[in-house]
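Report on the following structure.
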2 protein chains.
Amino acid sequence: MKIDKSLMTGSTTMLILKLLENSDMYGYQMIEELERRSQNIFTLKAGTLYPLLHTLEQQNVIESYDAEVETVRPRKYYRLTKYGKKLLDEKKIEWNAYSSAVNRVLGGVGYDGI
Amino acid sequence: MKIDKSLMTGSTTMLILKLLENSDMYGYQMIEELERRSQNIFTLKAGTLYPLLHTLEQQNVIESYDAEVETVRPRKYYRLTKYGKKLLDEKKIEWNAYSSAVNRVLGGVGYDGI
DNA sequence: TATTATATATAGATGATCGATATATCGTCA
DNA sequence: TGACGATATATCGATCATCTATATATAATA
């Protein structure tokens, strides 16, 4: 299944933060991990991710550090800040409200909450 | 609940088409109906809707006609074309794939489809 | 009579994502 | 050995969807 990219808009940040909730990750790893967990529905592009990571770091949502153990290649790991955890929780709630609303509209004529 | 508008991106067309699946409607009515059915989550702006309707008509997804019965004010009604119905079905499938994938990522660590 | 709701329309701004491109290293295969 | 694909990060400009602001016109309401 190939998803129209415009659907992704708005949920990308939440998904990235969710990945970091479980464990610290570096950019390239996020792309692969997101692809794996979504079963190839999400193929986040590097040109989308790296600028987004920089923005989130500036906004104090995530923070980066260089790989501590020696790796084959230089990697920048990211972790959630306390504010980032809070933001993730908010975005989950927002997602649930949004997807419920879509399903409500799709569900039928929807008169009076039925 | 106030939704980040960027979440809307990509699903607006599907929601409009869904409204028209049940009955023909004019633009202003769609805005109100969408608001009602989504319980105020979606507040589609006129500046978004009218250009979108024109585009969808050009693409033969919907077609318009003037109100047949006399109305207080001139109204342009829209109906789904055959192609529009097909497109709606496709977009529903796409939405399900997308929202399932998001929920899969949100659901947990997600190793091996668990 | 002024304001709000109804009804449609368009122009320009904003913001998220992508494609293209760049750099550098590593592993593999011919 | 040399080319290529995978790994890893980065930036620029393009694209596309939505919004804000603005415009027009009439009906209802205060």
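A note on names: the letters A, B, ... follow the listed sequences, proteins ahead of strands, and every chain is numbered from 1.
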Nearest-Å distance, OH (A:Y50) to P (D:dT11)? 12 Å
About how many Å separate OG1 of A:T81 and CG of A:L87, when rounded to the nearest 0.5 Å? 8.5 Å
How is A:T9 classified with respect to the nucleic acid when contacts are heavy atoms under 4.0 Å: base, sugar-phosphate, or nothing? sugar-phosphate
OP1 or OP2 of D:dT9 under 4.0 Å from side-chain N/O of A:Y28: no
Parallel, tilted or perpendicular: ring planes of B:Y77 versus B:Y65, cut at 30 and 60 degrees: parallel
Send over the distance from A:L49 CG to D:dT9 C1', rounded to a whole Å. 10 Å
Given C:dT8, D:dT9, C:dC18, which nucleotide is nearest the side-chain atoms of A:L44? C:dC18
NA contact type, B:P51, heavy-atom cut-off 4.0 Å: base, sugar-phosphate, or nothing? base
Reckon B:H54 has a side-chain N or O less than 4.0 Å from the OP1 or OP2 of C:dT8? no
I want to verify a distance call: between D:dT7, D:dC19, C:dT6, whose nearest atom is closest to the A:E32 side chain? D:dT7
Across the strands shown, which category fits A:G27 at heavy-atom distances under 4.0 angstrom: base, sugar-phosphate, nothing? sugar-phosphate
Among the candidates D:dT9, D:dT20, C:dA9, find the nucleotide nearest to the side-chain atoms of A:K76. D:dT9
